[in-house]
**Q** 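Just dropping this structure here.
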Amino acid sequence: MSNDVHEQEVGAEVVTSAGATMDDYFEPMRQKFESLCRDLNMDIKTESEAFKMLKEVLKHYSLEGEILHWFCCALFVACRQSTTPTVGGQNAVVMGNCVPLNNLLRCCQMSIYEFKKKIKLWCDMANMPHTFAQQMEELERKFSITFTIYKKYRDIFDQVFLCPPNEKNHSKNSKCSYIKLDDICWRLFLCAKNQKPTTTLDLVTSYNLMMCCIDLIYANVLAEKRTDLINPKFEGLPSNWNSPDFDETQARNHCILAYFCEMTDEAKDMKATVFRNIMDSFFQTNTVVGNKETLLGLISNKNFERNFKSLNISYEQYVLSVGEFDERILGAYQHDASEHNNLNEQALRQPVTPLTRKQDLPAQPVMFEQKFEPVANATNNVKKLSATVSHITEPTDFVKQAGEAAIAKMLQTIGEMEEQFVEKFPMRSEARNRFRMAKSLYFYLIDPILRDEITTKPQIVHKISLDICIRTLMACCTELVLEAYTTELKFPWILDCFSINAFQFNKIIEIVVRNGIHGTPEGCLTRSLVKHLNSIEETCLERLVWKRNSPFWEMIDHAPKPLPGWSEVNADKAADQLQIFLRKILLLGWLRIGKLCSELSLGEKQSEIWTIFDHSITHKTDLMKDRHLDQIIMCAIYIYIRVTNMEGPKFSDIMKAYRNQPQAVNSVYREVLIKVNENGEYEHKDIIHFYNFTYVPEMKNFCTNYLAKNGDKNVNLLMSPHPTERPMVPRKLIHNHSLYVKQMSKNEMQQSPDQLVYVISSSPSKKLDYMNKIVLGSGKRVLDFDDNAVSPIDTKRRRMEQQAILDERKAERKKTARQQDE
């Protein structure tokens, strides 16, 4: 077994030596870099740190594309790592050396879209600490929320206002033009959002705040009687807006929130409380001037230019003080068609589907038939939860049968958790509202959960009195509410908030999924929320439960060795906690190995690689301590390749394939635990080092014996039993249509008189077109989804097409049989 270390390739090719020396290469680059720093008025220390970082990266990677873009990344990282003292006081500092990101991007001729892609690669190549990468992820997520809000803003603003024909984009007079109105409205939102940043940590709240800003500007436009800016086709326009009787009082009282906010009451409540307080503070600090009582006069000829400049200055100060992205840059996107198209890539994306329990996902809602829309998705999640559980304020009568003492204990525990949550949740004004909904969800779920449990374990009093059961279910309900609102606080924040370990929390997830979908006729969990629960369950299984302080290790220490494999944990009906956990771990490992093997064209080797992985979990369990399941999987694949003397794939290919996995995180292969020294400090290195000096010494003997060769014939391999996926039943795709999909058997295809079947990779494309026409209802052939109606599809034609499919299938079987005989 060779232990030579391979160079990693992350986002760029490894530099190979050429005829010219490195000094010859660096000198012209240094001159260009210094010229850029002069244009940016960059301080010497930051310039030096950035260039030092650049030289270090160039020792290992070639930087493809425009070199200015990589200068931008190096300077941004160097700026983020420094602070600048100000005259505001002893501890007053600004982040980023007073060089705004938009200035940096402009000088480097780089779009925000390109920057977001390349800064990730730069963090990898510069081997930045995991904490810095996390900061970038948090910044990117906040920026993605703003991108998502901006997309909605752009659409709504263009609905309510109208750009006069032949308007000049750069009007020099004090009159508020359409372009300037757009700018001041967006800046008002940015300043309002940052005035109390802890009040806008989630997508729903941010959207409502944005709508409050548009609503206020709309009232100001009405009050100023700017008929040239008002869209007369907007349905929310007051009927008498253009009459002499329409006055400021009517303008102030007019509200358009109901036209754009599905959760109108919540939006109106924000307008009356949080937004009003923000505007009051703006008036107190002279950030804006006008009528403090009515909030009008903001865009009058007298006040507009002053307010616009003041909001700009206020936002600039905020950006410099915290070193965040300058979100004003989004205003330029509407004028750049190519960049405007990239907004889809910047906004929040549809959550990826975890590999486990896909068959348990609810049917796709109608809104997802079209393009994924983050605000609509978040609103749908909140509305579904609110409609189902908000009226529930106490346990059901069935739960109360546990007795007063048990119920009192439950309510006491929940009360204590509420205080913990209120203390730690940054959105103080919304903390109790969020927890109130979580508590209602708890009361909703505990009833079906206990009904299900009592059938096999009738000790309801014991169950309901267990503190850990109460705490984990309440924590799970709180996590669901936070996810519904698309908050910036991502799992496992909730575990830290309530001091719950991942091993205990993991036990409740499957129970919540089962009862949240099927526990009651209406169900309370949307498809995206079930995806989220499945995803955090995988997060627990892949890394959190393997932490050194996890109670799972105590359970392992007391268990017989080696640990049970798949055949033992899957066959035992009375499985204990350890076996249930191992069953989930091994299934997850099997699915991820299969996905990676498919990407690497190693599908036929999956069973052998699985056996290596299974051995590491059951016999060399300590390899997982403070590590990640995917690290062990990648090492298992590579050791198989090396021991069997395959020419490839390389380890770098395995990492590239891994990055295509739904759960992929760069830190998994960048920062692997190597050892813990005497002082308790953790030493991390990359996965190549871990493979060579930790994994191989532990697994080499087993792998060489297991994969050994005897002469010209392979030894009969004793492969470990592996999981088999549950058979797929027909699943309903959308709620309002009787449209199902089913995984087709390899050996048989059943037919019925009412089926239209399309076989992927086998059926002709025209058949899919025909089915689409029927489902979409185009042309004269409309598919009636009324179960009592007679199908209008031509029966003869349908049977002919079905027969054609059978004939094609029969021919395919004969072809396969001939190939096997040969």
Side-chain angles (χ1 to χ4, degrees), residues 1-16 56-57 59-64 117-130 132-134 136-137 352 354-355 538-539 542-543 546 588-603 605-606 608-610 612-613 616 623-624 626-644 646-674 684-696 699 703:
M1 172 64 64
S2 173
N3 283 341
D4 46 333
V5 178
H6 299 267
E7 185 71 63
Q8 293 188 46
E9 302 174 5
V10 184
E13 296 179 356
V14 179
V15 174
T16 55
E56 188 63 29
V57 167
K59 290 179 181 179
H60 305 283
Y61 306 95
S62 64
L63 301 177
E64 299 176 349
K117 291 195 301 182
K118 288 192 173 179
I119 193 64
K120 290 182 179 179
L121 297 177
W122 183 262
C123 287
D124 277 340
M125 293 185 292
N127 210 16
M128 299 303 298
H130 183 54
F132 186 87
Q134 284 182 318
M136 290 296 99
E137 289 175 4
V352 296
L355 296 180
E538 288 193 6
T539 301
E542 70 192 11
R543 65 181 178 91
W546 300 104
L588 180 60
W590 170 256
L591 293 175
R592 290 189 177 179
I593 288 171
K595 193 84 163 55
L596 270 176
C597 286
S598 176
E599 290 257 354
L600 295 164
S601 300
L602 295 172
K605 314 298 183 184
Q606 180 179 355
E608 289 92 334
I609 294 169
W610 154 261
I612 296 172
F613 167 79
S616 64
L623 283 172
M624 281 297 306
D626 283 324
R627 297 192 179 100
H628 196 290
L629 190 73
D630 292 340
Q631 294 164 351
I632 306 302
I633 289 175
M634 285 189 277
C635 289
I637 293 174
Y638 192 64
I639 201 170
Y640 174 85
I641 293 168
R642 295 303 301 268
V643 172
T644 57
M646 294 177 63
E647 294 183 0
K650 299 177 181 178
F651 214 128
S652 58
D653 298 323
I654 297 173
M655 288 188 287
K656 288 176 183 177
Y658 167 73
R659 289 197 290 273
N660 293 329
Q661 306 297 297
Q663 78 285 354
V665 180
N666 290 353
S667 59
V668 166
Y669 52 82
R670 278 295 182 186
E671 298 182 24
V672 189
L673 176 68
I674 302 303
H684 293 86
K685 293 193 175 180
D686 61 39
I687 195 170
I688 303 294
H689 189 282
F690 166 73
Y691 171 83
N692 284 329
F693 301 108
T694 304
Y695 183 85
V696 168
M699 295 293 294
C703 292

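These numbers come from the heavy atoms of this one structure, side chains and all, not from hydrogens, waters or symmetry mates.
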**Q** Just wondering, do Ile641 and Leu602 contact through their side chains at under 4.5 Å, heavy atoms?
**A**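 Heavy-atom side-chain distance check passes, below 4.5 Å.
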
**Q** Could you tell me the separation between the CD1 atom of Ile612 and the CD1 atom of Ile593, rounded to the nearest 0.5 Å?
**A** 9.0 Å

**Q** In the structure I gave you, are the side-chain heavy atoms of Lys685 and Phe693 within less than 4.5 Å of one another anywhere?
**A** no

**Q** Between Phe651 and Tyr691, how do the two ring planes meet: parallel, tilted or perpendicular, split at 30° and 60°?
**A** perpendicular

**Q** For the CD atom of Gln631 and the CD1 atom of Ile687, what is their distance to the nearest 0.5 Å?
**A**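 Reported to 0.5 Å precision, the distance equals 5.5 Å.
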
**Q** Quick one: does Arg659's side chain have a donor or acceptor within less than 3.5 Å of a partner on Ala664's backbone?
**A**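 No, the answer is negative, given that no donor and acceptor are paired below the 3.5 Å cut-off.
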
**Q** Where do Ala657 and Leu600 come nearest, in terms of heavy atoms and distance?
**A** CB-CD2, 3.8 Å

**Q** What distance separates Trp546 CH2 from His628 NE2, expressed to the nearest 0.5 Å?
**A** 12.0 Å

**Q** Is there a side-chain contact between Met128 and Met136 in this structure, where contact means two heavy atoms from C-beta onward sitting under 4.5 Å apart?
**A** no

**Q** How many angstroms lie between CE in Met125 and CD in Glu56, if you round to the nearest 0.5 Å?
**A** 12.5 Å

**Q** Just wondering, do Gln606 and Ile609 contact through their side chains at under 4.5 Å, heavy atoms?
**A**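 Heavy-atom side-chain distance check fails, nothing below 4.5 Å.
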
**Q** Decide yes or no for Arg543 and Thr539: does some side-chain heavy atom of the first lie under 4.5 Å from some side-chain heavy atom of the second?
**A**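 Yes, their side chains come closer than 4.5 Å.
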
**Q** Taking Val665's backbone N and O only, do any of them form a donor-acceptor pair with Tyr658's side chain (distance below 3.5 Å, no angle check)?
**A** yes

**Q** Supply the atom-to-atom distance Thr694 OG1 to Leu673 CG, rounded to the nearest 0.5 angstrom.
**A** 8.0 Å

**Q** Check for a donor-acceptor pair, side chain of Ser616 on one end and backbone N or O of Phe613 on the other, with a separation under 3.5 Å.
**A**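 Side chain of Ser616 to backbone of Phe613, a donor-acceptor pair under 3.5 Å: yes, one is there.
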
**Q** Identify the two heavy atoms, one from Glu64 and one from Lys118, that lie closest to each other, and give their separation to 0.1 Å.
**A**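 Closest pair (atom of Glu64, atom of Lys118, distance): O-NZ, 4.2 Å.
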
**Q** Quick one, Tyr669 and Asp630 - any side-chain contact, counting heavy atoms below 4.5 Å?
**A**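 Answer no - side chains too far apart.
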
**Q** About how many Å separate CD1 of Ile639 and CE of Met634, when rounded to the nearest 0.5 Å?
**A**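 Going from CE on Met634 over to CD1 on Ile639, the span is 14.5 Å.
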
**Q** Please report the closest heavy-atom contact between Tyr695 and Ala636, naming both atoms and the distance.
**A**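 Taking every non-hydrogen atom into account, OH-CA, 3.3 Å.
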
**Q** Write down the atom of Phe690, the atom of Arg627, and the distance for their closest heavy-atom approach.
**A**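 Taking Phe690 first and Arg627 second, the nearest heavy atoms are CE1-NE, 3.3 Å.
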
**Q** Got Met699 and Leu623 here, is their nearest side-chain heavy-atom distance under 4.5 Å?
**A**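 Yes. Closest side-chain heavy atoms under 4.5 Å.
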
**Q** Any idea which heavy atoms bring Glu542 and Met624 closest together, and the distance?
**A** O-CE, 4.0 Å

**Q** With the side chain counted from C-beta on, respond yes when Leu629 and Gln663 share a heavy-atom pair under 4.5 Å apart, and no when they do not.
**A**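 Contact flag for Leu629/Gln663 side chains = no.
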
